[in-house]
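Okay, so here's the structure we're looking at.
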Amino acid sequence: MSFMTEENRIEKIIDVCLRRGFVNQSAEIYGGSSGFFDLGPLGTLMRQKLVDFWRQLFVLDNDNIFEIDGSLLLPESVFKASGHLDSFEDPLIQCKSCKSMYRADHIIAQNTGISAEGLSLEELDKIVEENKIVCPSCKGELDKARQFNLMFSTGIGPVSGNKGYLRPETAQNIFVNFKRYASFMRNKLPFGIAQVGKSFRNEISPRNFLIRVREFEQMEIEMFFDPEMANKFSLFDFVEDVEINIVTKEMQEKEWSKPLSMSVKDAVEKRIIPNQVMGYFIAMESEMLQALGIPKESFWFRFMLPHETPHYSGGNLDLEVKLSIGNVEIIGNAYRTDYDLKKHQKASKSTFTIVSNNKKVLPHVVEPSMGVGRILYTILEYCYREDESRTWSWFKFPASIAPIEIAVFPLMKKDGLAEYAQDLHLDLKDAGFVSFYDDSGKIGKRYARADEIGILYCITVDYESLEKDTVTIRDRDSTKQARVPIEDLEDVLDALLEEELTFEELLENQKNN
RNA sequence: GCACGAGUAGUCUAAUGGUAGGACCGUAGACUCCCAUUCUACAAAUCCGGGUUCAAUUCCCGGCUCGUGCACCA
């Protein structure tokens, strides 16, 4: 694992991603645009598997969570009510001589202690002038403040003034149509509304490949509940013993080197996690990442400090993972209380209360939100392998995420081997396997190509296949081979991919026969 | 957004004020009874725009993209 800290790890990942069709920049032939990426053929297969995996775990397995698909472009009124129009708009101020940029309210707070949040541009300029605030780095004169909004705006229809914005988070679709979804759920708490989709933020400076981008996909759930029932969440019982890594608020007051390990039950009881609703999702997230090939010791849940969360937060915990480029948030868990429903209720003059325990309540909401691109990148980094015995790199993807699971090769193209292998490949595809056929060049090269994109098992048709109807299965991780009869092949592959059978066991069975 | 650096086939890279050479990958074929390493052939590039010049991939300016640092990350 020593190469984990290699500085150029991200470059190696990017190189494979480009060469083998995982990810490429959008509109590349025109120079592209910073912070926008297209998933290629393999990236799309992986994304599909990731979303399916999440959907099975968080949506389909739960009777009271359903998925919706909301529109990406929403009218201005939504973001006026949600607060994004104000809070997403940062006043920036620039030094006239050295051109450095600062947050106007930050620079004022540093110099005067005045809390300048939410002031108009004129008010900000006035404070800067009156207090003779200069550039912190070169003492130069500061220019006038101007607004920078992180939302992409556009006009809807031919009528000017009908403004719309690309959503900066998927959540708002769910809040604004809350009544519809509550009614669909027969107004019975708790219930969850899930959504997978794109969100957009006009980041000042996109960085680090898939990590800081302007268009990104989220997998998100808004879990609504009666606040009095926050610690009587029945799903929690299934996960309360799950051990998670956690970084508390207190730990962050000093230098911390290692997260604590404790059960989610303890974490909720000690109020490190705000309630059982969030505890459930945190436990599930921890299990999900491990199933996707990310080792448990590489990630933790960090309690967000007050300055990192909105004022209405009832406690947020980010899932952070150690990557070659530093610690990165890949999942956010937010206890948004009733803030969003309250805001939209007021602005739209709607009523969002629900009867629970014979009284009217405005539901609270816990929001687990995952970045698809960030999780995919994390999987790529943790599955990437270089070792002594191979001159090529490979991905140790678990079957749950591997874009292609199996490949079928004829040992050589002649003597009917290719035809035999083709037929086998088609049969396996019919049986539902994600299979890839290749007969070009030599067999070793094909194994290498398969390893490089993380194909788990390569099935090779050789002369013995023609005589005895047996084929070899090559294991990506060990490069060892086992021979199995064709009639057992599908069952064996199923068992291997479902991890009901290890390759070592398959080799053992063979010896005994 | 700012500063500095960089931008040549899919990838890595060489060279040059007279439009580019290699390696790997790829494709086709030969060879080949199991791990990219044989042989032949083929395909593929100077980020975009402007300027200087007889001539620019090369020099200058602007843009775009990438990297690093700063700032930002509701």
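Every chain is numbered from 1, with letters handed out A, B, ... down the list of sequences.
The C1' atoms of B:rC60 and B:rG17 are separated by 13 Å, rounded to the nearest whole Å. Comparing the same atom, P, in B:rA28 and in B:rU13 gives a spacing of 28 Å after rounding to whole Å. B:rG62 and B:rA6 have their P atoms separated by 15 Å, with the value rounded to a whole Å. Separating the P atom of B:rC34 from that of B:rA45 is a span of 39 Å, rounded to the nearest Å. Across B:rU57 and B:rU8, the matching C1' atoms stand 7 Å from one another, rounded to whole Å. When the C1' atom is compared between B:rA14 and B:rG49, the two are found 27 Å apart, to the nearest whole Å. Of the C1' atoms belonging to B:rC73 and B:rC4, the separation is 23 Å, rounded to the nearest Å. Taking the P atom of each, B:rU58 and B:rC47 are spaced 8 Å apart, rounded to whole Å.
Spacing between atom CZ of A:R212 and atom P of B:rG1 amounts to 15 Å, rounded to whole angstrom units. Per the geometry, OH belonging to A:Y312 stands 8 Å off C1' belonging to B:rA74, to the nearest Å. Between the P atom of B:rC31 and the CG atom of A:L417 lies a distance of 14 Å, rounded to the nearest Å. Rounded to whole Å, the distance from CG on A:D439 to P on B:rC35 is 18 Å.
Defined by atom type and a distance below 3.5 Å, a donor-acceptor pair is missing between the side-chain atoms of A:D462 and A:T460. Remark: the A:D415 side chain and the A:Y420 side chain contain no N/O donor-acceptor pair separated by less than 3.5 Å. In this structure, a donor-acceptor pair under 3.5 Å is absent between the side chains of A:D338 and A:Q345.
Side chain of A:S465 to backbone of A:T470: a donor-acceptor contact under 3.5 angstrom is found.
The listed nucleotides are B:rA71, B:rU32, B:rG26; the one nearest the side chain of A:R449 is B:rG26. Of the listed nucleotides (B:rC35, B:rG1, B:rC34), B:rC35 has the atom at the smallest distance from the side chain of A:R474. In the set B:rC35, B:rU27, B:rC33, the nucleotide with an atom closest to the side chain of A:W392 is B:rC35. Closest approach to the A:R483 side chain among B:rC73, B:rG1, B:rC34 is made by B:rC34 (side chain taken as heavy atoms from C-beta onward). In the set B:rC33, B:rC35, B:rC73, B:rC33 carries the atom at the smallest distance from any side-chain atom of A:M412.
At most 12 heavy atoms of other shown residues, nucleotides or ligands fall within 6.0 angstrom of atom CD in A:E129.
When heavy atoms are screened at a 4.0 angstrom cut-off, A:R20 is found touching no nucleic acid atom at all. Contacts of A:D15 with the nucleic acid, taken as non-hydrogen atoms under 4.0 Å apart, involve only primed sugar atoms and P, OP1 or OP2. Base engagement by A:R201 is indicated by at least one non-hydrogen atom pair under 4.0 Å involving a base atom.
Base-pair partner of B:rG49: B:rC61 (Watson-Crick or G-U wobble, both distances under 3.5 Å). B:rC42 and B:rG26 make up a base pair, with Watson-Crick or G-U wobble contacts both under 3.5 Å. In a base pair of the Watson-Crick type (N1 to N3 plus N6-O4 or O6-N4) or a G-U wobble (N1-O2 and O6-N3), with each distance short of 3.5 Å, B:rU19 is matched with no nucleotide. Base pairing annotation: B:rC4 forms a Watson-Crick or G-U wobble pair with B:rG67, both donor-acceptor distances under 3.5 Å. In this entry B:rC33 has no Watson-Crick or G-U wobble partner, no candidate having both defining distances under 3.5 Å.
For the side-chain contact (heavy atoms from CB on, under 4.5 Å) test with A:L317, the passing option among A:M304, A:R302, A:M278 is A:M278; the others fail. Across A:Y339, A:Y335, A:F224, a single residue satisfies ring-ring contact (aromatic ring centres under 6.0 Å, His included) together with A:H364, and that is A:Y335.
For residues 449-459 of chain A, the pairs satisfying side chain to side chain donor-acceptor pair (under 3.5 Å) are A:R19-A:E452, A:R20-A:E452, A:R390-A:D451, A:W392-A:D451, A:D438-A:R449, A:S440-A:R449, A:D451-A:R474, with sequence neighbours left out.
The base of B:rC34 sits with one of its N or O atoms less than 3.5 Å from a complementary donor or acceptor on the side chain of A:Q481. One N or O donor and one acceptor, one from the side chain of A:D462 and one from the base of B:rC34, sit under 3.5 Å apart.
Note: A:F200 and A:Y165 fail the aromatic proximity criterion, with ring centroids not under 6.0 Å apart.
Using a 4.0 Å cut-off, some side-chain N or O of A:K445 falls inside it from OP1 or OP2 of B:rG26. Dashed line: the shortest gap from a side-chain N or O of A:K442 to OP1 or OP2 of B:rC33 is not under 4.0 Å.
Among all heavy-atom pairs drawn from A:L497 and A:A399, the shortest one is O-CB, 3.4 Å.
Contact check of residues 463-473 of chain A against RNA chain B (heavy atom, cut-off under 4.0 Å) returns A:Y463, A:T472.
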Atom pairs under 3.5 Å, N or O on each side, protein against nucleotides 60-67 of chain B: can you list them with distances?
from, atom 1, to, atom 2, distance (Å)
B:rC64, O2', A:G31, O, 3.4
B:rU65, OP1, A:S34, N, 2.8
B:rU65, O4', A:G31, O, 3.3
B:rU65, O3', A:Q25, NE2, 3.0
B:rC66, OP1, A:S34, OG, 3.4
B:rC66, OP2, A:S34, OG, 2.8

